[in-house]
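What follows is a short report on a single structure.
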2 protein chains.
Amino acid sequence: MNAQPLLNYINKYVSLTEEEALFLISKITFRKYLKGQYIVQQGDICKKQCFIISGCTKTFYMDANGQEHIILFAIEDWWTSDMGSFTTQTSADFNVQCIENTELIEITYDDSEELLLKIPKLERFFRKIVEKAYASSQKRIIRSFSLNAKEQYLYFKEQYPSIEQRVPQYMIASYLGITKEFFSKIKSQLAIED
Amino acid sequence: MNAQPLLNYINKYVSLTEEEALFLISKITFRKYLKGQYIVQQGDICKKQCFIISGCTKTFYMDANGQEHIILFAIEDWWTSDMGSFTTQTSADFNVQCIENTELIEITYDDSEELLLKIPKLERFFRKIVEKAYASSQKRIIRSFSLNAKEQYLYFKEQYPSIEQRVPQYMIASYLGITKEFFSKIKSQLAIED
DNA sequence: CTAAAAAGTTAATCTATATTAACTATTTTT
DNA sequence: AAAAATAGTTAATATAGATTAACTTTTTAG
């Protein structure tokens, strides 16, 4: 495997010198997960941030009744992790599980600290991607307040057409915060409308 | 007014030299807003990030039906702004309005870019505070999925007892994503339970 | 290839919360 | 201090979405 997808991604935000890129590469690990495997488990301290080369993950919270609530999916060229747990090295609120066989690049907490010290440009890089993630998290809160289930589904479909195709429907229902039964109903209503 | 509250806050994350602190101070502006005034309006490009010295603001989204949805309150020692609009300099999704007379420190977009270049330590500082904000935004998504209205209210009460005292009840209802009538009902139920 | 498990659908009933409306209490303005 | 405006409450009715259960379709494993 090669680190090119990650380097390309970083280069959209900051320009690394060849030396910096080599140091970065020396600090990352390639890893393959099988479908079903966990990258992070609720309660663990999240030790790494992951950049997905291929595959798909879901980040979800398991509530007191054993119900899964998916808060985001991640695919190629996205980061995945429990950010809150990673940055504060406290126990994770979320699970991150592979829903396809997944190849990714892992950066551990200690290595990321070292990387940030040696390549201060990466502070800027990570700041910018967290800003983006934060803005989209806030937009999601708005949507859950101001759109009903059907409207939220139509938004999801439009924003992430590729994800809709590759994940089971019951996970989309979970992402939308509704039951699979009600999701079924919405889809059949929409099918009639066209 | 003085910049000490901001300097104290920053020093919890990174240590500024005296020279850096002076440069920072040269780039900030003190400003007073009256209750009711807007710091950012939906549709504007958000030109500044604000650190609150005293007072209280609400950040809300006005939907197509003219309904307000409060996504967060901010008080002394908190930052407020439309982060998504500020960082990408695109039009804001949110309004930020003062709900008390409010004194704050403003940093404009251009000045913040300059500050980040001259004091790279601040990249680290802003990265860390955005990470914190992102983590709490994700936790809010979880709560809205896994707790009912009464449970969310109890959580809010416990987390932000001081905010509960100082803002009108109908704004708390909006923050919780419920109507003021249903919020009233919840409170009277809780009153009976004790 | 078949059996078992997992995923998805449909319909009936139930519930948390919204809506409407009428009323009371509090704050602001004159 | 009265009038007007804003904020908060209560109760009746309505609705989006949950729950339960029975069923069909698709995927996985032996």
Side-chain angles (χ1 to χ4, degrees), chain A residues 34-37 56 58 60-70 73 97-101 141 143-157 163-194, chain B residues 34-37 56 58 60 63-70 73 97-101 141 143-157 163-194:
Chain A
L34 296 174
K35 180 175 173 173
Q37 287 190 301
C56 184
K58 64 176 175 184
F60 66 98
Y61 169 71
M62 178 84 71
D63 72 20
N65 310 314
Q67 266 218 300
E68 252 184 62
H69 302 279
I70 295 180
F73 297 107
Q97 187 183 19
C98 297
I99 54 184
E100 295 175 3
N101 293 339
I141 294 173
R143 273 180 268 129
S144 78
F145 275 154
S146 56
L147 303 181
N148 66 24
K150 189 192 279 184
E151 291 164 335
Q152 278 187 258
Y153 170 51
L154 291 172
Y155 179 89
F156 175 79
K157 240 173 121 72
I163 293 180
E164 201 203 352
Q165 302 311 313
R166 61 203 272 194
V167 314
Q169 300 298 96
Y170 75 90
M171 289 189 194
I172 296 175
S174 168
Y175 177 86
L176 296 174
I178 60 180
T179 58
K180 63 188 197 312
E181 291 84 358
F182 188 54
F183 184 44
S184 246
K185 196 171 179 179
I186 286 173
K187 282 185 295 179
S188 70
Q189 278 172 12
L190 288 169
I192 291 163
E193 283 171 21
D194 308 323
Chain B
L34 295 174
K35 181 176 174 172
Q37 287 190 301
C56 183
K58 62 177 176 183
F60 68 98
D63 72 18
N65 309 314
Q67 266 218 300
E68 253 184 60
H69 303 279
I70 295 180
F73 297 106
Q97 187 181 19
C98 298
I99 55 184
E100 295 175 2
N101 293 339
I141 293 174
R143 273 180 267 129
S144 77
F145 275 153
S146 56
L147 303 182
N148 67 23
K150 190 191 280 185
E151 291 164 337
Q152 280 187 257
Y153 170 52
L154 290 172
Y155 179 88
F156 174 80
K157 241 172 122 71
I163 293 180
E164 201 203 352
Q165 302 312 312
R166 60 202 273 196
V167 313
Q169 300 297 93
Y170 74 90
M171 289 189 195
I172 296 175
S174 169
Y175 177 87
L176 296 173
I178 60 179
T179 58
K180 63 188 197 311
E181 291 85 359
F182 189 54
F183 184 45
S184 244
K185 196 170 180 179
I186 287 172
K187 281 185 298 179
S188 72
Q189 278 173 12
L190 288 170
I192 292 164
E193 281 172 22
D194 306 323

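In the text below, chain A, chain B and the rest are named by the order of the sequence lines, each starting its count at 1.
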Ile186(A) CD1 to dT15(D) P, in whole Å, measures 17 Å
| Touch check for Lys35(A), heavy atoms < 4.0 angstrom, all strands: base, sugar-phosphate only, or nothing? | sugar-phosphate
Between CG of Leu176(B) and P of dG8(D) the distance, given in whole Å, is 13 Å
Identify whether NZ of Lys or CZ of Arg in Lys157(A) sits under 6.0 Å from the centre of the six-membered ring of Tyr155(A) and within 45° of that ring's axis.
no
Less than 4.5 Å apart, side chain to side chain, heavy atoms only: is that true for Lys187(A) and Gln169(A)?
yes
Exercise for the section: Ignoring backbone atoms, test whether Thr179(B) places a side-chain nitrogen or oxygen under 4.0 Å from the OP1 or OP2 oxygen of dT17(C). Expected result: no
Taken to the nearest whole Å, NZ/Lys150(A) to P/dT15(D) is 15 Å
Separation of dG8(D) atom P from Ile178(B) atom CD1, nearest Å, is 13 Å
As a check of understanding: the bend across the helix from dC1(C)-dG30(D) to dT30(C)-dA1(D), end axes from five pairs, rounded to 10 degrees, works out to 50°
Whole-Å distance, Gln189(B) CD to dA16(C) C1', equals 11 Å
Taken in chain and number order and not counting sequence neighbours, the residues that satisfy side-chain hydrogen bond (donor to acceptor under 3.5 Å, both in side chains) with Lys150(B) are Gln189(B), Glu193(B)
Quick check against the 3.5 Å criterion: does Asn101(A) have a side-chain atom that pairs as donor or acceptor with the backbone of Leu34(A)? no
Separation of dT27(D) atom C1' from Glu100(A) atom CD, nearest Å, is 15 Å
Whole-Å distance, Glu151(A) CD to dG17(D) C1', equals 14 Å
### Query
Are any of the side-chain heavy atoms of Tyr61(A) and Ile141(B) separated by less than 4.5 Å?
no
Separation of dT6(D) atom P from Glu68(B) atom CD, nearest Å, is 14 Å
Establish, yes or no, whether the cationic atom of Lys180(B) lies under 6.0 Å from the six-membered ring centre of Phe182(B) and within 45° of the ring axis. no
CZ (Phe60(A)) and NE2 (His69(A)) are apart, to the nearest 0.5 Å, by 11.0 Å
Nucleotide N/O to protein N/O under 3.5 Å, stretch nucleotides 4-10 of chain C:
| from | atom 1 | to | atom 2 | distance (Å) |
| --- | --- | --- | --- | --- |
| dA7(C) | OP1 | Tyr170(A) | OH | 3.3 |
| dG8(C) | OP1 | Gln169(A) | N | 2.9 |
| dG8(C) | OP2 | Gln169(A) | N | 3.3 |
| dG8(C) | OP2 | Tyr170(A) | N | 2.9 |
| dT9(C) | OP2 | Ser184(A) | OG | 2.6 |
| dT9(C) | OP2 | Lys187(A) | NZ | 3.1 |
| dT9(C) | O5' | Ser184(A) | OG | 3.1 |

**Q.** Sidechain N-carboxylate O distance under 4.0 Å for Lys58(B), Glu68(B)
**A.** yes
Whether Asp63(B) side chain and Asn65(B) backbone form a donor-acceptor pair below 3.5 Å = yes
